[in-house]
Asker: 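I am attaching a structure below and will ask some questions about it afterwards.
Any value given below was found using the heavy atoms of this structure, including those in side chains, with hydrogens, waters and symmetry copies removed.
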Amino acid sequence: METGYMWMRRVRFGVNPLPLAMAYSSSATTLPCFPPHPLFSFTCFKPPHLISLPSSYGPRSISISTPSCCSSASSLLSLPENHDFPDGERGQTYTHLSKGSKVLLKGLNYAEFQEWVQSHGFRPGQALMLWKRLYGDNIWAHDIDELKGLNKDFKKMLSEHAELRALSLKDILTASDGTRKILFALDDGLVIETVVIPCDRGRTTVCVSSQVGCAMNCQFCYTGRMGLRRHLTAAEIVEQAVYARRLLSGDVGSITNVVFMGMGEPFHNIENVIRAADIMVDEQGLHFSPRKVTVSTSGLVPQLKRFLHESKCALAVSLNATTDEVRNWIMPINRKYKLSFLLETLREELKFKNNYKVLFEYVMLAGINDSIEDAKRLIDLVEGIPCKINLISFNPHCGSQFRPSNDEKMIEFRNILAEGGCIVFMRFSRGDDQMAACGQLGNPGSSQAPLLRVPEPFRVALNLGV
């Protein structure tokens, strides 16, 4: 740990959450550069050399420069045990169904879409024709000129009152295995990443982002280094899938699956995620099967329950540890929602869902969570929960303190689970040579969330000494 570095923060997420990205040394100083706000208070050490207030965020958002992630992978900081994590029910929902004076159509579900069309004096049939041109019939329209076959007056009304596009294409990177990473620019200048993963078996998956950055600060995740910049709107989420089909269907074939496993914690942006998933599975539009739209969470329990009650889509839970000691460290949300609470909630909720299995994701970290004892504990933990387990190879990134478990260890772990009666799969890296693999998305830049103190039993595994 670098001498003199500390982390202290007290935040109540009543508005747009701030990036978890402040760590400084020397004498304690309260930030003097902006007016005090009753929802935020900070104590930091050594005044930062750069503080800026991006105009797109307004006066309640702060960007603070810190050292780059490559400068010192061993600068480990700690958060207090009672750190206040966002729960997703508070904070800015950032729905934004308009773009300037125009309605952003891809932010509306079909009922709202039809109501809006009728409010301008046009028939419901016109709404359905427009909906199909946005989402179906292999059109995926992005501007008025692509709306062939619509009433002239209807198109004139749309040009005056509606906006069809929520994202701007910035770049497409192609990995050696055929995985594509698409970079999209948002209206406020921020950038998000979407991944399209072809499969030899005829299944192609689009991995969409739900936030710019992420507030969860999972220690193995590159996106988590960014902190949270903002939620994505429903339109910005949906258009990632629309763009993927529009841009790549000809190259990779039909895109059949959607996973909310890109940048962000989907359940922290629950309103827009449920809305976007509803649009994606609409039978007249993108028409993804609900069983093939999977929303992943690090374990926000209240939102998990809401999702199971309100959505027909599939659920994945990022588990990654078999003890609270390890999960508190690598997934700090566990300090708020313990393993036992998370798993018991799933056990109870899934009693009422027929033929429904949750997918447990387990990123394997060498010497941290990949022991035989971990495998045996995992069998006990998931007992009574209809589930499948996905073992994921850890994908290294800049500044990471972890190493991936080797193939032999993963196979041994898998075999123990299978012998214990679990349905288990192994998922190896796709697109990692373009930073497109699981846990590699985003660009933290100079603002970074803190690395947490490594528990003593695991310092040797990370070559940190004792």
Asker: Could you tell me if Glu349 and His309 have a donor-acceptor pair between their side chains, going purely by distance under 3.5 Å?
Answerer: yes

Asker: Are any non-hydrogen side-chain atoms of Asp282 and Asn109 less than 4.5 angstrom apart?
Answerer: no

Asker: When you compare the side chains of Ser176 and Asp433, does any donor N or O come within less than 3.5 Å of an acceptor on the partner?
Answerer: yes

Asker: Might you work through the salt bridge (Lys or Arg N to Asp or Glu O under 4.0 Å) test for Arg306 and Glu271, ending with a clear yes or no?
Answerer: CA-CA 10 Å; Arg306 176 180 170 186; Glu271 296 286 348; 3.0 Å; yes

Asker: Which atoms form the tightest heavy-atom contact between Ser405 and Ala366, and what is the distance?
Answerer: OG-N, 3.5 Å

Asker: Pair Asp137, Lys132 - check salt bridge (Lys or Arg N to Asp or Glu O under 4.0 Å), show working.
Answerer: CA-CA 6 Å; Asp137 296 342; Lys132 287 185 174 182; 5.5 Å; no

Asker: Okay, side chain of Asp143, backbone of Asp145: is any donor-acceptor separation there less than 3.5 Å?
Answerer: yes

Asker: Does atom CZ of Arg291 have more than 12 heavy-atom neighbours from other groups under 6.0 Å away?
Answerer: no

Asker: How are the rings of Trp131 and Tyr135 set to each other: parallel, tilted or perpendicular (split at 30° and 60°)?
Answerer: perpendicular

Asker: Tyr222 vs His397 aromatic rings, parallel, tilted or perpendicular, using cut-offs 30° and 60°?
Answerer: tilted

Asker: Between the side chain of Ser318 and the main-chain N/O of Glu361, is any donor-acceptor distance below 3.5 Å?
Answerer: no

Asker: Could you check Arg165, Arg230, Lys106 and say which one makes a salt bridge (Lys or Arg N to Asp or Glu O under 4.0 Å) with Glu236?
Answerer: Arg230

Asker: Are the side chains of Ile411 and Met426 in contact, using a 4.5 Å heavy-atom criterion?
Answerer: yes

Asker: If you look only at pairs with a residue in residues 145-173, which of them pass as a ring pair (Phe, Tyr, Trp, His ring centres under 6.0 Å), with sequence neighbours excluded?
Answerer: His120-His161, Phe122-Phe154

Asker: Is the positively charged end of Arg245 above the ring of Phe288, judged by distance under 6.0 angstrom from the centroid and angle within 45° of the axis?
Answerer: yes

Asker: Do Ser210 and Glu265 have a side chain donor and acceptor closer than 3.5 Å?
Answerer: no

Asker: Please find out if less than 6.0 Å separates the ring center of Phe307 from that of Phe267.
Answerer: yes

